[in-house]
Amino acid sequence: MLRAVIELDRRIAKLAIPALGSIAAEPLYNLADTAIVGHLGRSPLDALAIAATALSMMAWLAIFLSTATTTEVARKAARGARAEAGRAVGAAYAVAAAWGAVTVAVVVIIAPYAAWLLGARGGIGPAAAGYIRISAIGLPFLYLSYAGNGHLTGLEDTRTPLRIAVGANVLNVALEAALVFGLHLGLAGSAWGTVVAQVTAAAAYARASRRAGLPPARPGRPDIAALLRDGHRLSVRTVALGVVPLAVTAVAARLGPVPLAGQQIANRVWYLLSLSLDAFAVPAQVYVSAALGTGDREGARLAARRTLRLGLAAGVALAAVTAALAFVVPPAFTADPAVRHVAVIGLLCAALTQPLAALAFVYDGVILGLGDYTAMRRAMIGAIAAFVPLAALVLRFRWLGLPGVWAALGCWLAARSVLLGRRWARANRAA
C-alpha cells in the first residue's frame, strides 16, 4: 500500500508541477498588467481593476472548454475509445471558435455598461471600457487555448502547456513594457500586449494538438451537443463562481479609490498564488476520471485523498508566503503610499484564506473527475449564501474595509469546500 501511495504521489507531482504554467497563464497576464499600469498612476490602476474583473468573468464563462474536455479525453482515452476522444477535442475547438466570435461582439457593445455596473465613475469608466474593448479581441484566442489545454491535460501532458504559458508571458511582459513605456500608449498599450500574447498562445496550442498522439478529429453534431450540454451545466456553476469576484470589486469600488487600487494589487497576487493550488486539482480530475472510466473506484478514492492532503499542505505553506510578500510586493506595483498601505492589509488578510482555497480548488477537481456538474452548480450557488451577508455588512459598515471583504471571501471558500466535500462523501458511500 505504501509503495502504491508513493507511486501515486510521484504521478501527482509529475502532472501538478507543470500544470502550474497553464493554470497561471491568465493570472500572470493580469499581474503583468497590474505591475506595469500601476506605475501610470492611481486612476489607470482603478480602471484596470474594473476592466480585469469584467474580462475575468468573460474568460470564466468559457472555462468549460478546458474542464469538460479534460474529463472526456481522460475517461475515453483510459478505456481505449480514441476516436470518441478525438471528436471530443474537435468539438471543443469548434465551440471555442464560434463562442469566441459571439463574445467579442457582445463585449464590445456592453463594455461601458459593465464598467458602470462595477462601480467605474468619472474618467475611470471610459478608460475601463476602452481596455475591455481592446482586450475582447483576444478572447477567442483565449478560448482556443482552453480547448487545447483541456486536450493536452486529458492526455496527462502538462509540460507542453507550461512551455506555452512561459513563452506567452515573456512575450506579454516585453510587449507591454515597450508599448506602455516605450511608445507611451498607456492603458491601451497594456491591453494590446496581452492580446498579442493570447494570439501566440492559441497558435502554439493548435500546433501541439495536431502533433499529439491523439489529435483532434472532425466532430459530429452529437459531440458538439454533448459538449454544449456539459457547458450549460458548468456555465451556471461558472456564473456563480464569477459572481463573487465581481461583487468583491464592486464593494471595493464603493469603499473609495484607494481601497479599490489596494484590493486590485492584493487580489492579483492572491489569485496567482492561490491558483497554483489549482495545480493539484488537475491530477485529481484526470486520475479520478481515468480510474472511474475503467471502473477502479478504489483508485479514484486514493487519488482524491492524496491530492486533497497534498493540496492542503501546500495551502498552509502559501499562507506563510502570502503574508511574507505583503511587505515586499506592493512597492513593485505602485509608488502611492496610501495604496501600498491598503495593499499590505489586504494581502495579510488574504494569507488566511489560502488553506481554504486549497480545499475548494482540489474538491473542484475531484468532482469534475466524478463528472457531476450539477452538484458543482448547486455547491457554487449555495456558497454565495455564505458570502452575501458579510459583503452586505462591509457596505453598511465601511470601516470594516478590506479585512471585511476578505472575511467574506473566506466564508465563500469554506462553504464551497464543505458542500463539495459532502458530495464526494456521498459518492464514496454509494460505491
Out of curiosity, Y271 OH to S276 OG, how far, rounded to the nearest 0.5 Å? 12.0 Å
F64: partners by ring-ring contact (aromatic ring centres under 6.0 Å, His included), with sequence neighbours left out: W99
Residues that A206 engages under side-chain contact (heavy atoms from CB on, under 4.5 Å), provided they are two or more places apart: R210
Residue pair L393 / L400, side-chain heavy-atom distance below 4.5 Å: yes
Enclosure of R378 CZ (heavy-atom neighbours >12, cutoff 6.0 Å): no
Decide whether S135 and W192 meet the rule of one side-chain donor and one side-chain acceptor closer than 3.5 Å. no
Point-to-point distance, once rounded to the nearest 0.5 Å, from CG of L273 to CG of L325: 6.0 Å
Do H151 and T69 have side-chain atoms, one donor and one acceptor, less than 3.5 Å apart? no
Applying side-chain hydrogen bond (donor to acceptor under 3.5 Å, both in side chains), which residue pairs with at least one partner in residues 309-338 are found, sequence neighbours left out? R42-D336, T322-Q354
Tell me the salt bridge (charged side-chain N to carboxylate O under 4.0 Å, His left out) pairs involving residues 136-163, sequence neighbours left out? none
L368 vs L234 side-chain heavy atoms within contact, under 4.5 Å: yes
Here the pair of heavy atoms bringing A59 nearest to L142 is CB-CD2, 3.7 Å
Taking every non-hydrogen atom, the tightest pair across V258 and A338: CG1-O, 3.7 Å
Please list, chain by chain and in numerical order, all residues satisfying ring-ring contact (aromatic ring centres under 6.0 Å, His included) with W412, sequence neighbours excluded. none
Sequence neighbours left out, what pairs pass salt bridge (charged side-chain N to carboxylate O under 4.0 Å, His left out) with at least one residue falling in residues 349-373? R237-D364, D364-R416, D372-R423
Considering non-hydrogen atoms only, spot the tightest contact between V362 and L277 and give its length. CG2-O, 4.3 Å
Establish, from distance only, whether the side-chain atoms of W406 and Q263 form a donor-acceptor pair under 3.5 Å. yes
Would you indicate whether R254, at its atom CZ, is surrounded by more than 12 heavy atoms from other residues, nucleotides or ligands within a distance under 6.0 Å? yes
Side chains of Q285 and T71: do they bring a donor and an acceptor to under 3.5 Å? yes
Is the closest side-chain heavy-atom distance between V339 and P330 below 4.5 Å? no
Classify the side-chain pair T67/Y373 by whether it contains a donor and acceptor separated by less than 3.5 Å. no
Would you say that I164 contacts Y205 through its side chain, given a criterion of any heavy-atom pair below 4.5 Å between the two side chains? yes
Is there side-chain contact between N172 and E176, with at least one heavy-atom pair below 4.5 Å? yes
Is it the case that over 12 heavy atoms from other parts of the model lie below 6.0 angstrom from the OH atom of Y113? no
